[in-house]
Amino acid sequence: MTPYTFDHNAFAATLRSAYAHLVDGEESGVVVKVAGRVMLLRTQGKLAFATLRDSSGEIQLFALAALTEDFEGFTKLHLGDWVGVTGEVVRTRRGELSVKVGSWVRLAEALHNFGDKWAGIADFDLRYRHREADLWANPASRESLVRRSQVVRSLRERCWAADFTEVETPMLNAIPTGAAARPFRTFHHALDSDFFLRIAPELWLKRLVVGGFERVFELGRVFRNEGVSPRHNPEFTMLELYAAYWNYRDMMAFTEELVAGVAMDVLGTTEIEYQGRPFSFATPWPRRTMAELASEAVGEEVSVHTPRERLSALLAERDVEAHPSWGPGRCLAELFEVSCEHSLWNPIFVTDFPVEVSPLARRHQGDPELTERFESYAACRELSNGFTELNDPVDQRLRFEEQARLAAAGDDEAMAIDEDYIKALEWGLPPTAGLGIGVDRLSMLIADESNIREVIAFPTLKPLKD
RNA sequence: GCGCCGGUAGCUCAAUUGGCAGAGCAUUUGACUCUUAAUCAACAGGUUCCGGGUUCAAGUCCCGGCCGGCGCACCA
């Protein structure tokens, strides 16, 4: 029977720093209790050395037949077993800081182990399906998840510090809305109703602003029934926040400070390497309009007012066929994506998106065909999306109706009309700016990972059939 | 969803032109009083992802399926 508790009082990392002064062969006279997993075991006749890993790091266990209780049993520990050890802190003659094992107890047995002490676990299928073994075998896997945790913590603390109230909104939605995406479908038996897993918390959050929460944020999971790739997991984490009385320029300023601040909190610098290439979070980030960037890329002046025929011809030159339902706005957005996105390495704000692709954003004060919307790009991918919120219920209804026409034309990602949301706007949404940040994407940057699965503890995998 | 690549012992990986399926580590047994991926000796360990086919002979070639990686599409 293994124990139900173990009263440990020391960690590997703190012992290493507290006893750094011990010289080779010196004994401290201090007895500590440590616990963790046996990573390596080296027996040598009447001596045995084990490498113990706890949450802080690793430290050596030094067992002697003459001193250690049940020395024979100690030498028969398996790699991966959890043990609790009581013993004196010493440095061995060969210079390794150790706990000289007096008494010890096996806290849990590892019935499986991976054996290879050098290569760890390399098989992706095994690593992701049994992340617990991956985390035990591969320190780098643990490191990436720790980075993610630090990113989440930093985002939360910075939102709290800016007086945003953290809230939670429904994941089970009668209407999937707030973004353009195919939803997951589910069913509630007692209510005898279909539900959709949320694709964004956006509309709920703005309803809270209507209700008087002037600054709110939600950090949580959203679900999109779309392709899986090294940059897309079907469920992913989004930070969304809304601030009354701000516009999109205020929100851009907040966004860059937030993201650069996370880099400072987690890494202590804004200057990093991502996938072997220098990358800088340093603020301010450039602000460029979508039309400007697209014009530069295609070598002629284009905008939302360029005739659709010209835009579709430019798309065709880039092997993109403009769908008949696309107006000039959608064409411009597509042109931007195919011609600019791949070159946006350091963070940049792309601004002034067409109304046609921004059904929840307020029209631009200088051009009613544009919106006061931005997306930030980093490492050639979208990192955040924000805008001055559309708070006119009449215009919002028109935008939803346009979405409905797209849906009728076969666009299965178009938004549905949300009458409750329109009614909320009729109660009065103050001028407000909103922001969404992909937390997994940001974590990839901070953890220097190219695969989103590395920053998700248990990524979505296809279930095994028999 | 499409394309390319991969799947061999518990783990990491070999296996020539189609010719007896191997090593290291882990497990088991033994030796060893300062090891560090300890070392040394011995034993054991297999539906070569699954199902068909070609062949005297298939881990290897062909067809189908499963799972994964990458790319494309979709998207954040």
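Residue numbers start from 1 in every chain, and the chains themselves are labelled A, B, ... in the order their sequence lines are given, proteins ahead of strands.
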Base partner of B/G18, which must satisfy Watson-Crick or wobble distances under 3.5 Å:
none

Complement of B/G30, any strand, by Watson-Crick or G-U distances under 3.5 angstrom
B/C40

Looking at A/Lys462, I'd like to know whether one of its side-chain N or O atoms comes within less than 4.0 Å of OP1 or OP2 on B/G68.
no

Roughly how far apart, to the nearest Å, are B/U33 and B/G22 at atom C1'?
37 Å

As its Watson-Crick or G-U partner within any shown strand, both distances under 3.5 Å, B/G6 has B/C67

Could you measure between the two C1' atoms, the one in B/C49 and the one in B/A9, and give it in whole Å?
14 Å

Is there a donor in the side chain of A/Arg153 and an acceptor in the side chain of A/Gln150, or the other way round, less than 3.5 Å apart?
no

With both distances kept under 3.5 Å, what pairs with B/C11, Watson-Crick or G-U wobble?
B/G24

Do A/Phe236 and the base of B/A76 stack face to face, with centres under 5.5 Å apart and an angle between planes under 30°?
yes

With a 3.5 Å cut-off and no angle check, do the side chains of A/Thr237 and A/Arg148 form a donor-acceptor pair?
yes

Do any side-chain nitrogens or oxygens of A/Arg129 fall under 4.0 Å of OP1 or OP2 in B/G68?
yes

Any idea which of B/U27, B/G71, B/G68 is nearest the A/Pro230 side chain?
B/G71

Taking CD in A/Glu273 as the centre, count heavy atoms belonging to other residues, nucleotides or ligands within less than 6.0 Å. Is the count above 12?
yes

Could you tell me whether the phosphate oxygens of B/A73, OP1 or OP2, come under 4.0 Å of any side-chain nitrogen or oxygen in A/Arg231?
no

Within a reach of under 6.0 Å around NE2 of A/His21, are more than 12 heavy atoms found that belong to other residues, nucleotides or ligands?
yes

NA contact type, A/Asn233, heavy-atom cut-off 4.0 Å: base, sugar-phosphate, or nothing?
base

Please state the C1' separation for the pair B/C61 and B/U48 - nearest whole angstrom.
16 Å

Using the rule given for ring-ring contact (aromatic ring centres under 6.0 Å, His included), can you reason through A/Tyr377 versus A/Phe336, listing the C-alpha separation, both sets of side-chain angles and the distance that settles it, and then say yes or no?
CA-CA 12 Å; A/Tyr377 280 79; A/Phe336 161 77; 5.6 Å; yes

Please answer whether the main-chain N or O of A/Glu454 pairs with a side-chain N or O of A/Glu449 as donor and acceptor at a distance below 3.5 Å.
no

If you check every side-chain atom of A/Asn451, which of B/A26, B/C70, B/G68 has the closest atom?
B/C70

Would you say A/Phe124 stacks on B/G68, if stacking means ring centres under 5.5 Å apart and planes within less than 30 degrees?
no

Report yes if a side-chain nitrogen or oxygen of A/Gln44 is closer than 4.0 Å to either non-bridging phosphate oxygen (OP1 or OP2) of B/C34; otherwise report no.
yes

Which one, B/U36, B/A37, B/C32, comes nearest to the side chain of A/Lys117?
B/A37

Sort out the partner of B/C61 for me: Watson-Crick or G-U wobble, both distances under 3.5 Å, none otherwise.
B/G53

When you compare B/G52 with B/C66, how far apart are their C1' atoms, in angstrom units rounded to a whole number?
15 Å

How far does the C1' atom of B/G65 sit from the matching atom of B/C74, given to the nearest Å?
26 Å

Considering only heavy side-chain atoms of A/Ile121, the closest of B/C11, B/C32, B/C67 is B/C11

Does a nitrogen or oxygen in the side chain of A/His78 sit under 4.0 Å from OP1 or OP2 of B/U28?
yes

Looking only at atom P, what distance separates B/A41 and B/C20, rounded to whole Å?
27 Å

Looking for any heavy atom pair under 4.0 Å, which part of the strands does A/Asp123 touch: base, sugar-phosphate only, or nothing?
sugar-phosphate

